[in-house]
Amino acid sequence: MGKEITSRADDYSQWYIDLVKKADLAENSDVRGCMVIKPYGYSIWEKMQQALDKMFKDTGHVNAYFPLFVPKSLFEAEEKNAEGFAKECAIVTHYRLKTDPTRPGKLMVDPEAKLEEELVVRPTSEAIIWSTYKKWIQSYRDLPLLINQWANVVRWEMRTRLFLRTAEFLWQEGHTAHATSAEAVAETKQMLDVYAEFAETFMAMPVIKGKKSEGERFPGAVDTYCIEAMMQDGKALQAGTSHFLGQNFADAFGVQFTNKEGKLEKVWGTSWGVSTRLIGGLIMAHSDDDGLVLPPKLAPIHVVIIPIFKSGEELNKVSAKAESIAKELRALGLSVKFDNRDNLKPGFKFAEYELKGVPVRIAIGPRDLDNGTVEVARRDTKEKKVMQMDSVVGQIAQLLEDIQQNIYQKALKFRNERITRVDSYDELKKVLDEKGGFVSAHWDGTAETETKIKEETKATIRCIPLDGEKEDGKCVFSGKLSSQRVFFARAY
């Protein structure tokens, strides 16, 4: 099978694009900057949704849905949020088209159908949600309000890349309201922990939990917390964020409640989200030059069974046993594909499912039927093993768990080897240029220093790690005093 995937070593960016397209995950659409998520790619997103949705509900959240359009006046209400997203906003100004009299068969905007107020296509939903919360929240009995929505958003990106950065993307966004600052901060950190657990347990992708610098903070937030992952090219990927909004949106939209003493107070807020960029992270964290490497917990197909045969009679005999094994595996809750297409050779099928990252492949031929064995291959290490036919089903579940853990441990080892402590600016630049990864360095806490380092190195402060030890030192750029190291990296 001619996969024609560019080598990671030759061109990592092209390798990624080749893999997304050849593995049938997504493709560019006729709308500039927007993608079509194909069935195989969408099935990965569905698995992510299912796992995250359960985690949200287990922590007391419920789902709702809010409008795609936000009146411009509402969007402007929280100034920092509006300014932060202004350059990425798509605007609806008219509500009707009409036939163009100068061009038969063509349409034009009807100038008489101008909206009284322009509508922003949501880049994020704080404005429309907090204007709604004003109606929902009256008393302390209405709090906490713990709501999530699964939706699409539009951010008019000029430079796009499938999954990682597109003009429209899918995500979830949680928006919660609380009676106290402490409750809201606890919620912000709890959801960061949920994201970290999902990334590590389901995606097999190790992450660093941290707080963003003021310059990297979400517009309108008091504090932004994040999980940062390391891709195989040494660049960082922000995989999820959780924001403590303080009372900024309550101020902007007048959201108040009567406390137990009968006094009016403003509510405290949070918002948090992850998006389809997680699929990009999943690809770049684990895959190789032969295709996807998917952790079993998110793989659309857990096991593929491929028959080896030379005649229709052999196929029938092999199929009977293969279907029996598939039925037993499905009874364990596993997704199984029996590929009995008779117009393709086994080698072609092997390469196809390797490209698609199916964790386990079982091959069965007439000789296997005679010997009571099957050949089992695992995608992550490409090891092959002959197993007894009557015990293979019992071994597959454990094999999938082993694969999940091995993928995580490999990524963890890679990430840990690319965390480098430096104590000078020359060292920081050298590591960024020659090794990549996270560079642990002292920073004086000023936006001026952060901006200059970014301009000169293209690296940003990915996070101030939450588990980082307090350590006195000197900023690598300015030489001023610093009390804690931060992580710099070039990033997606």
**Q** Hey, does the side chain of Tyr40 reach the backbone of Lys356 with a donor-acceptor pair shorter than 3.5 angstrom?
**A**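 Indeed, once roles are kept as given, a pair shorter than 3.5 Å links the two residues.
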
**Q** Is any side-chain N of the basic residue among Lys452 and Glu448 closer than 4.0 Å to the acidic one's carboxylate O?
**A**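 Salt bridge: yes.
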
**Q** Using only heavy-atom distances, determine whether the side chains of Thr446 and Asp444 contain a donor-acceptor pair under 3.5 Å.
**A**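 The criterion, which ignores hydrogens and geometry beyond distance, is satisfied for Asp444 and Thr446.
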
**Q** Could you check whether any side-chain N or O of His286 sits under 3.5 Å from a backbone N or O of Ala411, counting only pairs where one atom can act as donor and the other as acceptor?
**A**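 Flag not set: sc His286 to bb Ala411 has no pair under 3.5 Å.
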
**Q** Would you check if the side chain of Arg32 reaches a backbone N or O of Met158 as a donor-acceptor pair within less than 3.5 Å?
**A**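 Yes, the answer is positive, given that a donor and an acceptor are paired below the 3.5 Å cut-off.
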
**Q** Is it true that, when you exclude Lys430 itself, more than 12 heavy atoms of the residues, nucleotides or ligands shown sit nearer than 6.0 Å to its NZ?
**A**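 No, not enclosed.
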
**Q** Looking only at atom types and distance, does a side-chain atom of His302 sit under 3.5 Å from a main-chain N or O of Ser335, one as donor and one as acceptor?
**A**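 At least one qualifying donor-acceptor pair exists.
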
**Q** Step by step, would you call Arg379 with Asp288 a salt bridge (charged side-chain N to carboxylate O under 4.0 Å, His left out)?
**A** CA-CA 10 Å; Arg379 175 63 182 91; Asp288 59 28; 2.7 Å; yes

**Q** Please examine the side chains of Ile129 and Ile147, heavy atoms only from C-beta on, and report whether any two atoms are closer than 4.5 Å.
**A**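 Sidechains of Ile129 and Ile147: no contact.
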
**Q** Going by heavy atoms in the side chains, are Met205 and Leu282 under 4.5 Å from each other?
**A**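 A side-chain contact is absent here, since even the closest heavy-atom pair is not under 4.5 Å.
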
**Q** Given 3.5 Å as the limit, does a donor-acceptor pair link the side chain of Gln484 with the main chain of Pro465, or not?
**A**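 Here the side-chain-to-backbone pair exists.
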
**Q** How far apart are the closest heavy atoms of Thr6 and Asp289, and which atoms are they?
**A**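 Here Thr6 and Asp289 meet closest at O-OD1, 4.3 Å.
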
**Q** Taking 4.0 angstrom as the limit, do Glu417 and Lys413 come out as a salt bridge?
**A**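 Salt bridge flag = yes for Lys413 with Glu417.
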
**Q** Nearest 0.5 Å, what's the CG-NZ distance between Asp24 and Lys38?
**A**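 Those atoms lie 3.5 Å apart.
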
**Q** Ignoring hydrogens and angles, tell me if any N or O in the side chain of Glu157 forms a donor-acceptor pair with the backbone of Thr160 under 3.5 Å.
**A**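 Not confirmed, Glu157 side chain does not pair with Thr160 backbone.
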
**Q** Quick one: sort the Phe169 and Trp171 rings into parallel, tilted or perpendicular, breaks at 30° and 60°.
**A**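 Judged by the thresholds at 30° and 60°, the geometry between Phe169 and Trp171 is perpendicular.
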
**Q** Judged by atom type as modelled, is there a donor-acceptor pair below 3.5 Å linking the side chain of Ser287 to the main-chain atoms of Val293?
**A**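 Here the side-chain-to-backbone pair exists.
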
**Q** Taking everything shown except Glu46 itself, do over 12 heavy atoms lie less than 6.0 Å from its CD?
**A**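 Enclosed.
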
**Q** Step by step, work out the salt bridge (charged side-chain N to carboxylate O under 4.0 Å, His left out) result for Arg418 and Asp233.
**A** CA-CA 10 Å; Arg418 281 158 184 79; Asp233 62 345; over 6 Å; no

**Q** With a 4.5 Å limit on heavy-atom distance, are the side chains of Val274 and Phe198 in contact?
**A**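 No, every pair of side-chain atoms sits at 4.5 Å or beyond.
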
**Q** Among Gln405, Gln404, Gln398, which one satisfies side-chain hydrogen bond (donor to acceptor under 3.5 Å, both in side chains) with Asp402?
**A**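 Among the candidates, only Gln398 passes.
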
**Q** Does atom CD of Gln49 have more than 12 heavy-atom neighbours from other groups under 6.0 Å away?
**A**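 Yes - once you tally the heavy atoms of other residues, nucleotides and ligands closer than 6.0 Å, there are more than 12.
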
**Q** Would you name the heavy atoms of Ala441 and Val476 that are closest together and state the gap between them?
**A**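 Minimum heavy-atom separation between Ala441 and Val476: CB-CG1, 3.9 Å.
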
**Q** Considering only heavy atoms from C-beta outward, does the side chain of Arg155 approach that of Thr124 to under 4.5 Å?
**A**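 In short, these two side chains touch, coming nearer than 4.5 Å.
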
**Q** Using only heavy-atom distances, determine whether the side chains of Thr59 and Gln190 contain a donor-acceptor pair under 3.5 Å.
**A**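 Note: Thr59 and Gln190 side chains miss the donor-acceptor criterion.
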
**Q** Looking only at non-hydrogen atoms, find the nearest pair between Ile279 and Gly41 and report the distance.
**A**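 Shortest heavy-atom contact: CD1-O, 3.8 Å.
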
**Q** Any salt bridge between Lys458 and Asp433, counting N to O under 4.0 Å?
**A**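 Result for this pair is no, no salt bridge flagged.
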
**Q** Could you tell me whether Trp156 atom CH2 has more than 12 heavy atoms of other residues or ligands within 6.0 Å of it?
**A**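 At most 12 heavy atoms, drawn from other residues, nucleotides or ligands, come within 6.0 Å of this atom.
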
**Q** Which pair of heavy atoms, one from Lys212 and one from Arg462, lies closest together, and at what distance?
**A**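 Lys212 and Arg462 have their closest heavy atoms at NZ-O, 3.0 Å.
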
**Q** Partners of Arg421 by side-chain hydrogen bond (donor to acceptor under 3.5 Å, both in side chains), sequence neighbours excluded?
**A**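 Listed in chain order: Glu471.
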
**Q** Might you work through the salt bridge (charged side-chain N to carboxylate O under 4.0 Å, His left out) test for Asp290 and Lys382, ending with a clear yes or no?
**A** CA-CA 11 Å; Asp290 292 314; Lys382 300 182 183 174; 2.2 Å; yes

**Q** In plain terms, say whether Lys189 and Asp193 are close enough for a salt bridge, that is, a side-chain N and a carboxylate O under 4.0 Å apart.
**A**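 Looking at Asp193 together with Lys189, the answer is no, because their closest N to O distance does not fall below 4.0 Å.
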
**Q** Aromatic rings Tyr133 and Trp130: how do their planes relate, parallel, tilted or perpendicular, breaks at 30° and 60°?
**A**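 Because their plane-to-plane angle is over 60°, the rings of Tyr133 and Trp130 count as perpendicular.
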
**Q** Have a look at Thr270 and tell me which of His243, Glu187, Glu183 forms a side-chain contact (heavy atoms from CB on, under 4.5 Å) with it.
**A**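 The residue from His243, Glu187, Glu183 that satisfies side-chain contact (heavy atoms from CB on, under 4.5 Å) with Thr270 turns out to be Glu187.
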
**Q** Any chance you could measure Leu146, atom CG, to Lys57, atom NZ, to the nearest 0.5 Å?
**A**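 Separation between the atoms: 13.5 Å.
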
**Q** Please report the shortest heavy-atom distance between Ala221 and Thr224, naming the atom on each side.
**A**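 So the two residues come closest at CB-OG1, 3.8 Å.
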
**Q** Can you list the residues that meet the salt bridge (Lys or Arg N to Asp or Glu O under 4.0 Å) rule with Asp11, with sequence neighbours excluded?
**A**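 With sequence neighbours excluded, Asp11 shows a salt bridge (Lys or Arg N to Asp or Glu O under 4.0 Å) to no residue whatsoever.
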
**Q** If we ignore angles and hydrogens, is there a donor and acceptor under 3.5 Å between the side chains of Glu216 and Thr460?
**A**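 Looking only at side-chain atoms, Thr460 and Glu216 do not form any donor-acceptor pair under 3.5 Å.
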
**Q** Let me know which of Trp272, Phe244, Phe85 forms a ring-ring contact (aromatic ring centres under 6.0 Å, His included) with Phe218.
**A**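 Looking at Trp272, Phe244, Phe85, the match for Phe218 under the ring-ring contact (aromatic ring centres under 6.0 Å, His included) is Phe85.
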
**Q** What about the rings of Tyr425 and Phe477, do their centers lie closer together than 6.0 Å?
**A**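 Yes - the distance between ring centres of Tyr425 and Phe477 falls below the 6.0 Å cut-off.
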
**Q** Quick one: CE on Met284 to CZ on Phe163, what's the gap to the nearest 0.5 Å?
**A**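 One gets 11.5 Å once the value is rounded to the nearest 0.5 Å.
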
**Q** Around atom NZ of Lys134, are there more than 12 heavy atoms of other residues, nucleotides or ligands at under 6.0 Å?
**A**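 For Lys134, atom NZ is not crowded (no more than 12 foreign heavy atoms under 6.0 Å).
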
**Q** Would you check if Leu432 and Lys429 make a side-chain contact, meaning some heavy-atom pair closer than 4.5 Å?
**A**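 No, too far: nothing below the 4.5 Å cut-off.
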
**Q** Just by distance, do the side chain of Asp380 and the backbone of Ile407 share a donor-acceptor pair under 3.5 Å?
**A**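 Not confirmed, Asp380 side chain does not pair with Ile407 backbone.
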
**Q** Could you check whether any side-chain heavy atom of Ile5 comes within less than 4.5 Å of a side-chain heavy atom of Leu355, counting everything from C-beta outward?
**A**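 Yes. Closest side-chain heavy atoms under 4.5 Å.
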
**Q** For Gln238, does its backbone N or O pair with a side-chain atom of Arg277 as donor and acceptor, under 3.5 Å?
**A**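 Yes; judged by distance alone, with no hydrogens or angles, the pair exists.
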
**Q** Given 3.5 Å as the limit, does a donor-acceptor pair link the side chain of Ser483 with the main chain of Lys470, or not?
**A**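 Not at all, since once roles are kept as given, no pair shorter than 3.5 Å links the two residues.
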
**Q** Work out which heavy atom in Thr381 is nearest to a heavy atom in Glu383; give both atom names and the distance.
**A**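 That closest heavy-atom pairing would be OG1-OE1, 2.8 Å.
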
**Q** Can you tell if the side chain of His61 reaches within under 4.5 Å of the side chain of His175, non-hydrogen atoms only?
**A**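 Sidechains of His175 and His61: no contact.
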
**Q** With a sphere of 6.0 Å drawn around NZ of Lys410, does it hold more than 12 non-hydrogen atoms of other residues, nucleotides or ligands?
**A**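 Count not over threshold, so no.
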
